[in-house]
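Worksheet for the structure shown next.
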Amino acid sequence: MSIVSQQQLEQLADQTLQDQRTIVLATGVFDVLHDEHRNFLQAAKKAGDLLIVGLEPDARVKLLKGEGRPVNGIENRLKNLDDWQIADALFVLPEDFGRKEHQESLIARLKPAILAVSSHTLHQDRKAAVMEKYGGELRVVHRHNPAVSSTKIIES
């Protein structure tokens, strides 16, 4: 099971918690994949028992990254990440995931022990507070390498 619906995702999370296993959640765009994405996801996977990865929907990527993005639509991004076979479950984040209440709702439903982030992830204090509220922690699992990014690959 890799690419899952919201219902499958919640069932998987519930079963994982019942089995007393650790859920790790990571989110991102994952547009033009590169080694830093792989390194980040591998580090996130090592942080717990089950790695769940949420991908930003195309409309949010355009908002976050600007015109011409994403280069790869959501279906391609899901497939490309699925091909790596690192994540245990992949899903599409809600269109309004930028709103705090929707972020909190996801954390409350999935109850991840760890929100895996890179060192350059924005709003870490706010995200850490949400994780703490629901009994989890924000963990920097990967040091950002500014020499490598999807944007730099696209622009070259």
Side-chain angles (χ1 to χ4, degrees), residues 2-4 9 12-13 16-17 21-74 76-94 97-100 102-156:
S2 283
I3 301 170
V4 298
L9 179 64
L12 178 61
T16 301
L17 293 170
R21 295 173 62 220
T22 304
I23 296 172
V24 178
L25 175 64
T27 63
V29 172
F30 303 104
D31 190 2
V32 177
L33 293 180
H34 50 71
D35 285 342
E36 289 300 300
H37 286 129
R38 184 185 307 271
N39 295 340
F40 167 69
L41 292 171
Q42 287 173 335
K45 175 80 172 172
K46 289 177 186 171
D49 300 311
L50 180 82
L51 175 60
I52 298 172
V53 178
L55 279 76
E56 293 284 2
D58 293 345
R60 282 234 343 126
V61 175
K62 185 176 182 177
L63 243 157
L64 294 167
K65 302 289 186 174
E67 244 351 274
R69 297 290 298 276
V71 171
N72 292 293
I74 190 64
N76 283 337
R77 291 185 286 128
L78 285 166
K79 182 195 174 308
N80 292 341
L81 273 185
D82 192 34
D83 286 348
W84 277 359
Q85 297 184 0
I86 298 171
D88 297 295
L90 299 166
F91 73 103
V92 181
L93 293 164
F97 192 65
R99 295 176 55 193
K100 182 182 176 198
H102 293 280
Q103 294 165 359
E104 280 202 36
S105 173
L106 179 69
I107 299 301
R109 287 192 326 269
L110 300 183
K111 297 176 185 67
I114 298 163
L115 175 61
V117 299
S118 181
S119 60
H120 77 296
T121 298
L122 301 175
H123 312 295
Q124 286 188 31
D125 290 345
R126 184 175 53 81
K127 292 175 182 181
V130 170
M131 287 301 294
E132 188 175 313
K133 178 178 177 180
Y134 294 97
E137 69 172 285
L138 178 136
R139 187 178 300 171
V140 176
V141 298
H142 180 70
R143 284 263 161 267
H144 173 63
N145 177 355
V148 181
S149 75
S150 296
T151 301
K152 286 185 180 185
I153 292 169
I154 293 164
E155 290 173 351
S156 63

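Atom set for the values below is all heavy atoms of this structure, side chains included, hydrogens, waters and symmetry mates excluded.
- Within a 6.0 Å sphere centred on CG of D125, other residues, nucleotides and ligands contribute 12 heavy atoms or fewer.
- Residues A87 and S2 come closest through the heavy atom pair O-OG, 4.1 Å.
- Residues K127 and T121 share a closest heavy-atom pair of NZ-CG2, 3.4 Å.
- The minimum heavy-atom distance between V130 and E104, with the atom names listed, is CG1-CG, 3.7 Å.
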For salt bridge (charged side-chain N to carboxylate O under 4.0 Å, His left out), just list the numbers for D58 and K62, CA-CA rounded to whole Å, side-chain angles, deciding distance to a tenth of an Å, and then say yes or no.
CA-CA 6 Å; D58 293 345; K62 185 176 182 177; over 6 Å; no
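- The shortest distance between side-chain heavy atoms of I107 and K133 does not fall below 4.5 Å.
- Note that OG1 of T16 is 8.0 Å distant from CG of D88, once rounded to the nearest 0.5 Å.
- Side-chain atoms of Q103 come within 3.5 Å of backbone N or O of F97 as a donor-acceptor pair.
- A distance of 4.5 Å separates CG of L110 from CG of L9, quoted to the nearest 0.5 Å.
- More than 12 heavy atoms of other shown residues, nucleotides or ligands fall within 6.0 angstrom of atom CZ in R21.
- With R143 contributing its side chain and S119 its backbone, the two residues share no donor-acceptor pair below 3.5 Å.
- For the pair M131 and P112, the minimum side-chain heavy-atom distance is below 4.5 Å.
- Looking only at distances, no side-chain donor or acceptor of R69 sits under 3.5 Å from a matching main-chain atom of L64.
- Closest heavy-atom contact between A116 and V24: CB-CG1, 3.8 Å.
- Salt bridge annotation for K65-D31: absent, with no cationic side-chain nitrogen under 4.0 angstrom from a carboxylate oxygen.
- In this structure, the side chain of N80 engages the main chain of N76 through a donor-acceptor pair within 3.5 Å.
- Inter-residue side-chain proximity for L93 and R60 is flagged as unmet; no heavy-atom pair is nearer than 4.5 Å.
- Heavy atoms only, all atoms of each residue included: H37 and V32 are closest at CE1-O, 3.4 Å.
- A distance of 8.5 Å separates CG of L106 from OG1 of T27, quoted to the nearest 0.5 Å.
- Using cut-offs of 30° and 60° on the angle between ring planes, the pair F40 and F30 is parallel.
- Here the straight-line distance linking atom CD1 of I52 with atom CD1 of I114 works out to 12.0 Å at 0.5 Å rounding.
- Rounded to the nearest 0.5 Å, atoms CZ (R38) and CG (L81) are 10.0 Å apart.
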Report the C-alpha distance between Q42 and I86 in whole Å, list the side-chain angles of each, state the deciding distance to 0.1 Å, and finish with yes or no for side-chain contact (heavy atoms from CB on, under 4.5 Å).
CA-CA 7 Å; Q42 287 173 335; I86 298 171; 3.8 Å; yes
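- Atom CD1 of I23 and atom CG of L115 lie 12.5 Å apart (nearest 0.5 Å).
- The two residues I3 and K79 make their nearest non-hydrogen contact at CD1-N, 4.4 Å.
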